[in-house]
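Just so it is clear: chains get the letters A, B, ... in the order the sequence lines come, proteins before strands, and each one is counted from 1. Keep in mind that this is a model prediction, so the values were computed, not measured.
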Number of protein chains: 2
Amino acid sequence: MSTIEDVARLAGLSRTTVSRVINNHPYVSDSKKKVVLEAMDELGYVPNSSARSLRNQKTEIIAVFIPRVLNPFFSQFIESLEMASSARNYQLIVCQTQYSKSKELTYLNLLKTKQVDGVILASLENDWSKIEPFTDYGPIVLCNEFEEDASVPMIRLDQTFGGYIATKHLIEQGHTHIGYCCGGHRSNVAKERERGFRQALMEAGLTFDENAAFRNAFNIEDGKRVFHELAALENRPSALFTGADEVAAGVISEAKKNGWSIPSDLAVVGFDNQAITELLDPMITTVQQPVCEMAQKAMDIMIEKINRKSYAAREVYQFPLKLIIRDSTGGKKLANV
Amino acid sequence: MSTIEDVARLAGLSRTTVSRVINNHPYVSDSKKKVVLEAMDELGYVPNSSARSLRNQKTEIIAVFIPRVLNPFFSQFIESLEMASSARNYQLIVCQTQYSKSKELTYLNLLKTKQVDGVILASLENDWSKIEPFTDYGPIVLCNEFEEDASVPMIRLDQTFGGYIATKHLIEQGHTHIGYCCGGHRSNVAKERERGFRQALMEAGLTFDENAAFRNAFNIEDGKRVFHELAALENRPSALFTGADEVAAGVISEAKKNGWSIPSDLAVVGFDNQAITELLDPMITTVQQPVCEMAQKAMDIMIEKINRKSYAAREVYQFPLKLIIRDSTGGKKLANV
DNA sequence: TTGAAAGCGCTAACAG
DNA sequence: CTGTTAGCGCTTTCAA
C-alpha cells in the first residue's frame, strides 16, 4: 500500500507535485507530470480515501433512508438513485429505517459524524422537529416524502393529483361507492393521496365510507387480507382505490380465488406501475410515478447543496403522475383526466 | 463542529483522556470520565469518522456488489444484508454492476482506495483472474455466486441440488420432456442448476432438449417472451424449469392469456420463493433459498476477516435449498426428494 | 513551475 | 490514572 510519499520519492519530486498531478492542477510541467504518472503506475498507487476525506472535509458518500428495500417502489428508487450517484462519482449508503423512529434517528448520526456528505430522506418516521436539528450538520433532501414546513429541498410527486385521477377514473366508470386503501399512517404521501381521493368523491357528490377504508396495507399479503375484510362488509363498495400495485394484486388474486369477477364485482386501481400490473388477469390500472427522474433530480440537488455548502433553504420540485388505464377498472380506454 | 480538542479544553483535560472515554478504555477515573462526558454533551460533540478511519485504517463500511436491486432476489438479499450490517455497526454501500465487467472492476477500486473495509460479491462478471489481484487490498467474500478456484471465503447455496429437486419433482409428475430456462450466461449459479437439471434427467433416462433451452430470462417480460418461443416449438415440452419466480410468473401469465391451462398444458417450476408465487392461479411451485441466513453468514465472515486481517483463504459455507410444492406443477403434494 | 511545512481530527506509544 | 508527542495520508498556503 504505497503512499503519496512513496510516489514522490520514486519520481524524485515533492509530495506537492504528486498531489497536483492527482488533482489535475495546472502549473505542472508535462515532463514532471509524466514522471509522476509513471511512478504512480509502477507502484500501483491509489490515493487513500480516508486521508482525502479528512483533508477535504468531504467523503463523496451519500446516505439514503427508506423503510425497506423489498418494497418494489423503494427497490426501484434505490436502483435509480444508485445509478444517478455512481454517474456522479458518489457512493450510496442504504439505510433501512424499518419504519422505526429510533433507527431513523440513529442513522442520522452519519451526518453528524461526517461519514456521509448528505442524507436523502425518502421516508419519514419522526416529526420534523426531531429531524430539523440535523440540518446543521449537512444537507438533508426530502425525496418522495415531504413536509410542508421544512426548510430543505423537496423533490416530490403530486400525490394529491395521483389520488384524484385514479378516483375520478373509477367514478367515470360509474362507481358511486369506492373503498380506500393505503399503507402507512404518518406518511404525508398517503395523506395527500387521500386528499385527492376525497376531492374526487366530493366533486361527484359522493361520500367517504370510513368502514371501507383500510390504512395498513403494504404488500400482497395485506391485499389478500383487505379483500376478506372488504368482502365481510355489510355494505360493500363496488370499487377499491389502493396505494400500491402489490396490494391491488393481492386483492385481485384473492377475489378471483373466491369466485369474484374483476372488474365487474370489484374494480381495483393500483399505484406505482410495477411489473406486477401486467401479470395478472385482468391487468391492473395504476398510477405511474416518475421514480427515475425524481431520483436523478434529488441527486443533482444534493450535490449542488454539498458544493455550495449552503443548505437549509426550502425549494420544491414537483413531478407529475400519470394514470395508466388497464383492465382491472373496466378497461374502457377513456380519455385521461 | 467541535473537535476532541474543544472537548479536552472545556473539560480541562488532555485529548488523550477524552479519546479514552470515547473508546471506553480502562484507566480513566470515574470523576474525570464524568467531566469529559459532560463536556461532550455540552458541545454536542461527535467524533469525526474520517479522522478515525485515517487513524485506525478502517472505515466500518462494506460494499456489496449485485447486478441490480430491482431483481427481487437481490432486493431480498440487500434487505437482509443491510439488517445484518447495521446490527454489527457497519454501513453498507450498494454497488450495481449492471452486468457490466468494467463497472465491476471500477467498483473494486473502493477496496484499493480504502473507502471500504471489504467487498461482498453476490454476482460475478469478470473472470476470477481479473478479480483476484484485488484480494491484496482487503477481504473479498463471495456470497451466492462462487468460483471453484478462488482463495476466498464463499457462502453459497447448493444450486445443483436445487436444480435437481425441482426437476426430479417434474419427472415424478410424469413429465418426460422438460424445457430449461435460466438467466445469465457466465454465472456459475446457472451452470450448477443446469448440472442438477441434467442429472435428474439422466437418472430418469431423459435427454436435454437444447431447442427447449432459454438462457436469457431474468424477469416477467422475459417469461412472456419465453412462453411464445416455447409455444412456437415444433416439439413442445410438457414442463418447464425456470431460474426465477418472475420468469415462471411471466410464462404462466402469458400461457393463460393464450388459453393454455396450467399445469395440464404446461407445468412450470420457479425459483426463489418470492411473494409473487402465491399471487397467480395456479400458485407456483418453487425452490426456497435461505437468503437471510446466507446474508448473515456473509457478514459475520466478512467482519471476522476484517478483524483478523488475514484474508485470502478458501473456506466454503453451504446452505441447503428446499422445494416448495404448489399448484403450477400439478399440486399433488408428493413427498419431498 | 516547484517545494517546505502546517494541519485536517483522531489514537497510541511512551513517559510519568 | 493522565499527558506529551508523533504520526495516519493528503492538500494547500506561502515562499522561492
**Q.** Rounded distance in Å - CD (Gln115(A)) to C1' (dG9(C))
**A.** 15 Å
Q) For the side chain of Tyr27(B), counting heavy atoms from C-beta on, which of dC1(D), dT11(D), dA12(C) is nearest? A) dC1(D)
Q. Between atom NZ in Lys33(A) and atom P in dT2(C), what is the gap in whole Å?
A. 11 Å
Q: Determine: side-chain N/O of Thr3(B) to OP1/OP2 of dC8(C), distance under 4.0 Å, yes or no.
A: no
Q. Between Asp127(A) and Lys130(A), does at least one N-O distance fall below 4.0 Å, as a salt bridge requires?
A. no
Q: Provide, to the nearest angstrom, the distance between the CG atom belonging to Leu54(A) and the P atom belonging to dT11(D).
A: 11 Å
Q: Keeping the roles fixed (side chain from Gln76(A), backbone from Val291(A)), state whether a donor-acceptor pair exists under 3.5 Å.
A: no
Q) Going by atom types alone, do Gln159(A) and Gln318(A) pair a side-chain donor with an acceptor below 3.5 Å? A) no
Q: Could you tell me whether the side chains of Asn188(A) and Arg156(A) share a donor-acceptor contact shorter than 3.5 Å?
A: no
Q | Pairing of Lys101(B) and Glu125(B) as salt bridge, 4.0 angstrom limit | A | no
Q. Would you call Lys297(B)-Glu293(B) a salt bridge at under 4.0 Å N-O?
A. no
Q.
If I take atom CD in residue Glu5(A) and atom C1' in nucleotide dG7(D), what distance separates them, rounded to the nearest angstrom?
A. 12 Å
Q. Would you call the rings of Phe77(A) and Phe74(A) parallel, tilted or perpendicular if under 30° counts as parallel and over 60° as perpendicular?
A. perpendicular
Q | Bending between helix ends of the helix from dT1(C)-dA16(D) to dG16(C)-dC1(D) [5 pairs per end, 10° resolution] | A | 40°
Q.
Return whichever of Arg55(B) or Arg20(B) has its heavy-atom-nearest nucleotide of DNA chain C closer to the 5' end.
A. Arg55(B)
Q | Ile4(B) CD1 to dG9(C) C1', straight-line distance once rounded to whole Å | A | 8 Å
Q.
Counting only heavy atoms and a strict 4.0 angstrom limit, can you tell me which residues of residues 9-19 of chain B come near DNA chain D?
A. Leu13(B), Ser14(B), Arg15(B), Thr16(B), Thr17(B)
Q | Residues within residues 34-53 of chain A bordering DNA chain C, heavy-atom distance below 4.0 Å | A | none
Q.
Using whole Å, what does the distance between atom P of nucleotide dT2(D) and atom NE2 of His25(B) come to?
A. 14 Å
Q. Quick one: is dT11(D) close enough that its OP1 or OP2 comes under 4.0 Å of any side-chain N or O from Asn23(A)?
A. yes
Q) Sub-3.5 Å donor-acceptor pair from the side chain of Glu82(B) to the main-chain atoms of Gln96(A), do we have one? A) yes
Q: Round to a whole Å and report the spacing from NZ of Lys32(A) to P of dT2(C).
A: 5 Å
Q | Donor-acceptor contact below 3.5 Å, side chain Asp117(B) vs main chain Glu60(B) | A | yes
Q: Could you say whether Gln57(B) or Val28(B) is positioned toward the 5' end of DNA chain D, judged by the nucleotide with the nearest heavy atom to each?
A: Val28(B)
Q: Using modelled atom types only, decide if a donor and an acceptor are shared between the side chain of Arg88(A) and the backbone of Ala84(A) within a distance under 3.5 Å.
A: yes
Q. Hey, is Lys305(A) close enough to Glu315(A) for a salt bridge, meaning N to O under 4.0 Å?
A. yes
Q.
Is it the case that the side chains of Ser53(B) and Thr59(B) hold a donor-acceptor pair, with the cut-off being a distance below 3.5 Å and no angle test?
A. no
Q: Would you kindly give the CG-to-P distance between Asn56(B) and dC8(D), to the nearest whole Å?
A: 14 Å
